[in-house]
Novice: 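Dropping the structure in here first, questions after.
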Amino acid sequence: MSRTIYLLPLWGLALWGALALRDLPGDWGHALCGPWGCGPPLQALLSIHAAWAVLLWAPAFVLPRMYGSRPARMRRIGTILAAAGVGGLIAIAIRESLFAGSSVSESAANYLLQRILFVIATSIDAPVVQATIAGLALRWGASSRRRAPVHPSAELPLADARDVAG
């Protein structure tokens, strides 16, 4: 744990760098457009998604170092994160399926899948995609950190000098 404390300034710097992406030069415009309108500027969208990724993925890389000898705990945390992320994705899909017809024109209602993906891409309040990826990474890390099987000869007791002589 004491060595991971030195990673906090790097984590803060990475978070600052992710948020600074909004200041990238150029006019990237509103590339996420559809029959329902256009999304936010891409620099701002990229910035907040990168910040959520830094915020969630950094602990996903540090936790295996802290709890490497306890893969069950890592697996549990990963399952909770992945379930929360997938639950958020499902909630967005259900909400858009139920209420998109009343909030968009009839011609835009034909683009339900694109609308769901648009809402997921522009949802900056809840990091559902980043949480899903972090949870799956933790589960994968827990499964790859299982203890290696002990060779059968390593479990045998050492021979006593009397056993060898007799």
Novice: Looking only at heavy atoms, what is the nearest atom pair of Leu81 and Ala134, with distance?
Specialist: CD1-CB, 4.1 Å
Novice: When you measure from the side chain of Trp52 to the backbone N and O of Trp57, does any donor-acceptor pair fall under 3.5 Å?
Specialist: no
Novice: Which pair of non-hydrogen atoms, one from Leu89 and one from Val129, has the smallest distance, and what is that distance?
Specialist: CD2-CG2, 4.1 Å
Novice: Kindly indicate whether the side chain of Val128, heavy atoms from C-beta on, has any atom under 4.5 Å from the side chain of Ser123.
Specialist: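 Not touching, per the 4.5 Å side-chain cut-off.
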Novice: Would Ile124 and Val54 show up in the same hydrophobic cluster when neighbours are defined by side-chain heavy atoms closer than 4.5 Å?
Specialist: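 Same cluster: Ile124 reaches Val54 through Ile, Leu, Val, Met, Phe, Trp or Tyr contacts under 4.5 Å.
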Novice: Indicate the atoms forming the closest heavy-atom contact of Gly78 with Leu138, along with that distance.
Specialist: CA-CB, 3.7 Å
Novice: What distance separates Ile48 CD1 from Asp125 CG, expressed to the nearest 0.5 Å?
Specialist: 9.0 Å
Novice: With rounding to the nearest 0.5 angstrom, report the OG1 to CE distance, Thr79 to Met74.
Specialist: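 Going from OG1 on Thr79 over to CE on Met74, the span is 11.0 Å.
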Novice: Grab the two heavy atoms, one from Ser97 and one from Ile116, that are nearest each other, plus how far apart they are.
Specialist: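 Smallest interatomic distance, heavy atoms only, reads OG-CD1, 4.1 Å.
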Novice: Membership question, hydrophobic clusters at under 4.5 Å side-chain separation (ILVMFWY): are Leu117 and Val86 in the same one?
Specialist: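 Shared cluster, no.
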Novice: Using the rule that Ile, Leu, Val, Met, Phe, Trp and Tyr join whenever any side-chain heavy atoms are under 4.5 Å apart, tell me whether Phe118 and Ile120 fall into a single cluster.
Specialist: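 Yes.
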Novice: Do Ile92 and Leu112 share a hydrophobic cluster (ILVMFWY, side-chain heavy atoms under 4.5 Å, transitive)?
Specialist: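 Shared cluster, yes.
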Novice: What is the minimum heavy-atom distance between Ala18 and Ala51, and which atoms define it?
Specialist: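 Nearest pair, atom of Ala18 first, then Ala51: CB-N, 3.6 Å.
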Novice: So does His49 get a backbone contact from the side chain of Gln130, meaning a donor-acceptor N/O pair under 3.5 Å?
Specialist: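 Answer holds: yes.
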Novice: Identify the heavy atoms of Gln43 and Leu24 that sit nearest to each other, and give their distance.
Specialist: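 Heavy atoms only, the tightest pair is NE2-O, 3.5 Å.
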Novice: Linking I/L/V/M/F/W/Y whenever any side-chain heavy atoms sit under 4.5 Å apart, do Leu113 and Leu98 land together?
Specialist: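 No: no chain of side-chain contacts under 4.5 Å links Leu113 to Leu98.
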